[in-house]
Amino acid sequence: MASREVIQTSLDQWEAATENQLRAELGIHGLFPSEVVSKEILINMLTNVYFGEEL
C-alpha cells in the first residue's frame, strides 16, 4: 500500500508532465487513450494503474 506522500508525489509529477509524456507512460501499460482525452483524465488513468483501489 502506497503512502499518501508517495501518491501526492506521483500526482505532482504527472501534473508537471506534458500530455505526451503521460500518454507514453500509459502506453507502457498497454493503454492508448484517444487524442481527445484530457490531461486530467490521463492523470486519473495513471492513478488507477499505479494505485488502483488504494485510493
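Residues take their numbers from the sequence shown, with the count starting at 1.
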Answer yes or no: is there a side-chain heavy-atom contact under 4.5 Å between [X] and [Y]?
X	Y	value
Thr47	Trp14	yes
Pro33	Ile41	no
Glu15	Leu11	no

Taking atom CG of Leu26 and atom CG of Leu46, what is their separation to the nearest 0.5 Å?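 Between atom CG of Leu26 and atom CG of Leu46 there are 4.0 Å.
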
Could you give the distance from CD (Glu25) to CG (Leu31), rounded to the nearest 0.5 Å?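 If we round to the nearest 0.5 Å, Glu25:CD and Leu31:CG are 10.5 Å apart.
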
Distance alone, cut at 3.5 Å: any donor-acceptor contact between the side chains of Asp12 and Gln8?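 Side-chain D/A pair, Asp12 to Gln8: present.
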
For a quick test of reading the model, state the closest non-hydrogen atom pair linking Gln21 to Thr18 and the distance between them.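 Of all heavy-atom pairs spanning Gln21 and Thr18, the closest is OE1-N, 2.7 Å.
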
Can you see which heavy atom on Phe51 is nearest to which on Ser10, and at what distance?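 Distance-wise, the nearest heavy atoms are CZ-OG, 3.6 Å.
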
Expected output: side-chain Lys39 to main-chain Leu22 donor-acceptor under 3.5 Å: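 Flag not set: sc Lys39 to bb Leu22 has no pair under 3.5 Å.
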
Can you name the salt bridge (charged side-chain N to carboxylate O under 4.0 Å, His left out) partners of Glu19, sequence neighbours left out?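 Scan of Glu19 (salt bridge (charged side-chain N to carboxylate O under 4.0 Å, His left out), adjacent residues dropped) gives Arg23.
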
Can you pull out every side chain to side chain donor-acceptor pair (under 3.5 Å) where at least one residue sits in residues 26-37? Sequence neighbours excluded, please.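 Of all non-adjacent pairs touching residues 26-37, those that pass side chain to side chain donor-acceptor pair (under 3.5 Å) are His29-Tyr50.
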
